[in-house]
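Counting convention: from 1, in listed order, for ligands and their atoms alike.
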Amino acid sequence: MISVADALARIREGLTPLGAELISLADAYGRVLAEDLTARRTQPPFAVSAMDGYAVRAADVAVLPTRLKLVGYVPAGGRHEGTLGPGEAVRIFTGARLPDGADAVVIQEDTEASDGTVLVHDTVGAFGPGRHVRQAGIDFVEGEVGLKAGRRLSARDVGLAAAMNRPWLMVHRRPRVAILPTGDEVALPGDPIGPNQIVSSNGAALAALIAASGGIPIQLGIARDDGATLKTMARGAEGADLLVTIGGASVGEHDLVKSALGEIGLTVDFWKIAMRPGKPLMFGRLGATAVLGLPGNPVSALVCGMLFLRPALERLQGLPGDGPLPEPALAGAALAANDGRQDYLRARLVRGPDGAWVAMPFEKQDSSMMSALAGADCLIVRPPAAPAVPAGAPVDVIRLSEGAYAL
Ligand SMILES: Nc1nc2c(c(=O)[nH]1)N[C@H]1C(S)=C(S)[C@@H](COP(=O)(O)OP(=O)(O)OC[C@H]3O[C@@H](n4cnc5c(N)ncnc54)[C@H](O)[C@@H]3O)O[C@H]1N2
Ligand code: MOO
């Protein structure tokens, strides 16, 4: 059995970022840039007024009050023809281009206009050039890299790309991920179900995780526990970037995934890792398609999905794929000494009296219990051979309800 860290490193090494495609800005949210995005404009492209008021020469308002002659009117999107001379002002609005010769703006609340003139009250106080003016290029200048390759685009980034006048951008292709649950005992939600069967929860949960991680989930249906069916259905993953199998990964004689796929060319990088839940995780390759074999127990499948599948999808999209970064919390109960497998305990987070997060582990940690995973806020990470600790001891947690790895 290899460690969790080694398994993640090998998965990342076994994958390379997918190629790029050109997409519209409207589809860019959440995608990962495959190019440095440069500004096609300077913003603002010229000095503009930051206020509604009057464009003036700062030298003319050095002594107040003063009366200036109104020589123009410039709304946003317009332009004052000519150059502002001494003793002159132009009516101006927020976002409008500053007339040549003007170097400051007086807000209209400090003025009174009448008979083609404007009186600037002495309430303003003296000010120098640049007052209420947004100079050209204060946001960015043409040719400047505003967003770097490898960045996942947030709503803020989409706004910046739009401002930089980039309606099209190159992003990494979304990974196509084929999902193949296996087992005679599972039926799809809503399908007719036999007396000895349970409902498959894993396919639906993993599809959601894949979509949330930027991938495109493709459901191949459920493969029965026989080699021929498994081989046929696994071939349905041809053309996908990643095949995720669920179940049939352990050592029982009905756990056929590794052997059946081996007959059609699967090469195994590793099988079995020192973690709980999730021991029988498998990673390999079937032709051009990477294969991640997840354990069948629903909690094991999803915890492995979070720890390995999500980083794998990040890596394919050109992100680092480092996996979740544990955060500090306090144990809400005494924890027993751990064995050689890294443990991920389902727990609820509460605020302690001094404001620190306290992780209350659930009494039942069975890896079949979807209700416990859905009700958890975090996983307490117990390293291999961790000693017993009392309640209140510091522990590492991975958040499930919020943050980058929310499930
Ligand atoms: N002798 C041993 N037995 C087991 C070992 C072991 O080391 N030695 N490992 C245990 C561990 S740990 C795990 S995890 C499971 C993993 O088993 P498989 O990956 O082979 O999964 P299955 O046996 O097919 O199923 C396990 C469990 O999960 C349920 N299941 C399967 N698919 C789904 C699905 N799509 N939705 C919901 N539930 C599913 C299935 O009914 C089983 O109850 O092996 C242990 N055994
Ligand atoms: O390690 Mo298995 O994933 O507990 O049930």
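Distance alone, capped at 3.5 Å, places no donor-acceptor pair between the Arg97 side chain and the Val74 backbone. Side-chain atoms of Arg31 come within 3.5 Å of backbone N or O of His172 as a donor-acceptor pair. Formation of a donor-acceptor pair under 3.5 Å by the Arg134 side chain with backbone atoms of Gln43 is not found in this model. For Thr42 (side chain) and Glu142 (main-chain N/O), a donor-acceptor pair under 3.5 Å exists by modelled atom type.
Here the protein heavy atom with the shortest distance to atom 35 (N) of ligand 1 is Ser200 OG, 3.0 Å. For atom 12 (S) of ligand 1, the nearest protein heavy atom (residue, atom name, distance) is Arg341 NH2, 3.8 Å. Given atom 5 (O) of ligand 2, the protein heavy atom at minimum distance is Ser367 OG, 2.5 Å. For atom 42 (C) of ligand 1, the nearest protein heavy atom (residue, atom name, distance) is Glu185 OE2, 4.0 Å. Closest to atom 31 (C) of ligand 1, if we only count protein heavy atoms, is Gly296 O, 3.4 Å. Looking only at protein heavy atoms, the nearest one to atom 5 (C) of ligand 1 is Ser250 OG, 3.2 Å. With respect to atom 24 (O) of ligand 1, the closest heavy atom belonging to the protein is Gly248 N, 3.0 Å. Summary of contacts: the protein heavy atom closest to atom 16 (C) of ligand 1 is Pro280 CG, 3.7 Å. With hydrogens left out, the protein atom closest to atom 43 (O) of ligand 1 is Asn297 OD1, 4.0 Å, a heavy atom.
For atom 34 (C) of ligand 1, the choice among Leu256, Asn202, Leu294 with the nearest heavy atom turns out to be Asn202. Between atom 2 (Mo) of ligand 2 and the options Gly278, Pro295, Ala301, Cys304, the minimum heavy-atom separation is to Gly278.
Proximity to Pro295 (heavy-atom distance under 4.0 Å) selects the following atoms of ligand 1: 14 (S), 19 (O). In the vicinity of Ser300, heavy-atom distances shorter than 4.0 Å reach the ligand 2 atoms 2 (Mo), 3 (O), 5 (O). Short contacts between ligand 2 and Asn297, defined as distances under 4.0 Å to a heavy atom of the residue, involve ligand atoms 5 (O). Interface of Ile198 with ligand 1, defined as ligand atoms under 4.0 Å from a residue heavy atom, comprises 38 (N), 41 (O). Distances below 4.0 Å separate heavy atoms of Gly247 from the following atoms of ligand 1: 19 (O), 21 (O), 24 (O). Within ligand 1, the atoms closer than 4.0 Å to a non-hydrogen atom of Asp255 are 20 (O), 23 (O), numbered from 1 in the order shown. In the vicinity of Pro277, heavy-atom distances shorter than 4.0 Å reach the ligand 2 atoms 1 (O), 3 (O), 4 (O). The Val251 neighbourhood of ligand 1 comprises atoms 1 (N), 2 (C), 8 (N), with distances under 4.0 Å to a heavy atom of that residue.
Using a 4.5 Å cut-off on side-chain heavy atoms (C-beta onward), Glu185 and Asp225 make contact. Between Leu307 and Leu8, every side-chain heavy-atom pair lies at or beyond the 4.5 Å cut-off.
Counted within 6.0 Å of CZ on Arg41, heavy atoms from surrounding residues, nucleotides or ligands total 12 or fewer; the atom is thus considered open. Other residues, nucleotides and ligands contribute over 12 non-hydrogen atoms within 6.0 Å of the CZ atom of Arg351. The environment of Ile138 atom CD1 is dense: over 12 non-hydrogen atoms of other residues, nucleotides or ligands sit within 6.0 angstrom. For CZ of Phe46, the number of neighbouring non-hydrogen atoms (other residues, nucleotides, ligands) closer than 6.0 Å is greater than 12. By the 6.0 Å contact criterion, CD on Gln197 is enclosed, its count of non-hydrogen atoms from other residues, nucleotides or ligands being greater than 12. For NE2 of His254, the number of neighbouring non-hydrogen atoms (other residues, nucleotides, ligands) closer than 6.0 Å is 12 at most.
Inclusion of Arg341 in the set of residues having an N or O under 3.5 Å from an N or O of ligand 2 is warranted. The distance criterion of under 3.5 Å between nitrogen or oxygen atoms is met by Ala249 with respect to ligand 1.
At least one cation-pi condition fails for Arg346 and Phe362: the charged atom is not both under 6.0 angstrom from the six-membered ring centre and inside a 45 degree cone around its axis. Tyr344 does not carry Arg276 over the face of its six-membered ring by the limits of under 6.0 Å from the centre and within 45° of the normal.
Under 4.0 angstrom from ligand 1, there are no non-hydrogen atoms of Ile222. Only side-chain heavy atoms of Ser300 come within less than 4.0 Å of ligand 1; its backbone N, CA, C and O stay farther off. The side chain of Pro298, and not its backbone, has at least one atom closer than 4.0 Å to an atom of ligand 1 (non-hydrogen atoms only; side chain from C-beta on).
Ligand 1 has at least one atom lying under 4.0 Å from a heavy atom of Ser201.
Under the 3.5 Å distance criterion, with hydrogens and angles disregarded, no donor-acceptor pair is assigned to the side chains of Asn297 and Ser368.
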